[in-house]
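Structure record follows, encoded as structure tokens.
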Amino acid sequence: MLVVMDVGNTNITIGIYNGNKLIGNYRLTTKMKRTSDEYGFMITNFLNASQVSINDIDDVIVSSVVPKIMHSFLNGIRKYMKKEPIVVGPGIKTGISVKAENPKAVGADRIVDAAGAFYAYGGPCLVVDFGTATTYDYVDAQGNFEFGVIALGIETSAQAMWTQAAKLPEIEIKKPKSILNKTTTTSMQAGLVYGYIGQSEYIIRQFKEELGCNMKVIATGGLGKIIYKNTDEIDIYDRDLTFKGLKFIYEKYISEKKKKEEANKK
């Protein structure tokens, strides 16, 4: 079995693969200082919830955009799972060639999502991840990560409203029935959701216009489903895209490792 983990700014998501089947999907908050024992204890609890033993795990692969917690997090994996985690970063071939001016500045999560989209759905494609930030990343037909747009995430925007404006309440993020609203709560919901639908549609159309080609548009991220349901510009919503990307990268890593071992034997 393979355990895939993505450390994001808001959540750590954990998936458990038995062959090609995802049998467990868990998340815990990132924005809290934890010891390696706390991380290890929670991870083993997730495994137990899926009736998976530590002895069943073959490997663990991790991507992260939060360096400050990685020492404790990785040590928790080592101590409780008895595995040396594979960390997506320099030296790990992902199958995606990053053509940005500074490839090292592109977050591992974006590369992992790009790999998941390209290998699951083909290219050219535009990957839209509705996370802490909303990212729009274009991958061409050859698997080159060419261009990206980064915008405020929908939940981040909501939090900015109710923390910076004293009289605005904390709200549930959902689409009201109409743009015409008479309450503060539904007015805020309309501004957030209708505003994000409009932003998403405009950016996607602009990508298509400036590149002069059609592309599959794949969305992921917790709140992406809300936008996907209310626009024709997004073709696919895949909540497990990051997990798929990590699995593809792991399989490529294992393949490259075997090639090196065979070459060393000769």
Side-chain angles (χ1 to χ4, degrees), residues 1-8 12-26 36 39-40 43-44 46-47 50 52-67 69-100 102-123 125 127 137 139-145 220 238 240-266:
M1 291 186 183
L2 174 68
V3 177
V4 295
M5 302 182 179
D6 178 61
V7 181
I12 299 170
T13 52
I14 301 170
I16 305 167
Y17 275 101
N18 185 1
N20 290 322
K21 186 178 180 181
L22 186 66
I23 63 170
N25 181 345
Y26 305 96
S36 59
Y39 281 121
I43 291 167
T44 51
F46 291 148
L47 295 177
S50 292
V52 173
S53 165
I54 295 298
N55 296 327
D56 296 328
I57 304 301
D58 297 306
D59 267 316
V60 180
I61 185 167
V62 180
S63 64
S64 173
V65 293
V66 191
I69 76 160
M70 290 303 286
H71 178 75
S72 293
F73 187 69
L74 295 178
N75 280 338
I77 294 170
R78 294 181 183 110
K79 183 175 180 179
Y80 284 82
M81 300 184 71
K82 313 300 182 185
K83 297 293 179 184
E84 182 59 37
I86 302 160
V87 180
V88 177
I92 301 292
K93 293 185 178 181
T94 63
I96 297 295
S97 180
V98 181
K99 301 298 185 181
N102 183 5
K104 291 182 180 179
V106 178
D109 55 341
R110 295 169 69 189
I111 297 170
V112 168
D113 283 346
F118 182 74
Y119 288 104
Y121 303 106
C125 62
V127 188
D137 294 318
V139 181
D140 69 14
Q142 288 72 47
N144 296 312
F145 183 112
T220 191
D238 189 339
D240 298 325
L241 189 68
T242 304
F243 292 157
K244 290 177 180 177
L246 283 166
K247 187 172 184 296
F248 283 123
I249 291 169
Y250 170 75
E251 289 170 350
K252 189 169 185 63
Y253 171 83
I254 292 299
S255 176
E256 293 290 329
K257 186 178 179 180
K258 287 180 179 178
K259 286 180 184 177
K260 287 181 182 178
E261 289 172 351
E262 289 173 0
N264 290 335
K265 289 178 182 178
K266 294 179 180 179

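For the numbers below, each heavy atom of this structure counts, side chains included, while hydrogens, waters and symmetry mates do not.
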With sequence neighbours left out, write down each residue that passes side-chain hydrogen bond (donor to acceptor under 3.5 Å, both in side chains) with [X], or none if nothing qualifies.
X    : value
N18  : none
K247 : N20, E251
Y26  : S50
T242 : D113

Which atom pair, heavy atoms only, marks the closest approach of [X] to [Y]?
X    : Y    : answer
Y39  : F73  : CD2-CD1, 3.6 Å
L246 : M5   : CD1-O, 3.5 Å
K252 : K93  : CD-O, 3.8 Å
M81  : I57  : CE-CG2, 4.2 Å
D238 : T220 : O-OG1, 2.7 Å
V88  : A108 : O-CB, 4.3 Å

State, yes or no, whether a side-chain contact exists between [X] and [Y] at a heavy-atom distance under 4.5 Å.
X    : Y    : answer
I69  : I12  : yes
V62  : I77  : yes
V87  : I92  : no
V127 : F145 : no
M1   : I23  : yes
M70  : V66  : no

Contact list for residues 57-66, test salt bridge (charged side-chain N to carboxylate O under 4.0 Å, His left out), sequence neighbours left out:
none
Quick one: [atom1] on [X] to [atom2] on [Y], what's the gap to the nearest 0.5 Å?
X    : Y    : atom1 : atom2 : answer
F118 : Q142 : CZ    : CD    : 7.5 Å
F46  : I16  : CZ    : CD1   : 9.0 Å
I54  : L47  : CD1   : CG    : 5.0 Å
D109 : D137 : CG    : CG    : 8.5 Å

Residue list, ring-ring contact (aromatic ring centres under 6.0 Å, His included) with Y253, at least two apart or on another chain:
none
Run the numbers on I43 and Y80 for side-chain contact (heavy atoms from CB on, under 4.5 Å), then give the verdict.
CA-CA 8 Å; I43 291 167; Y80 284 82; over 6 Å; no
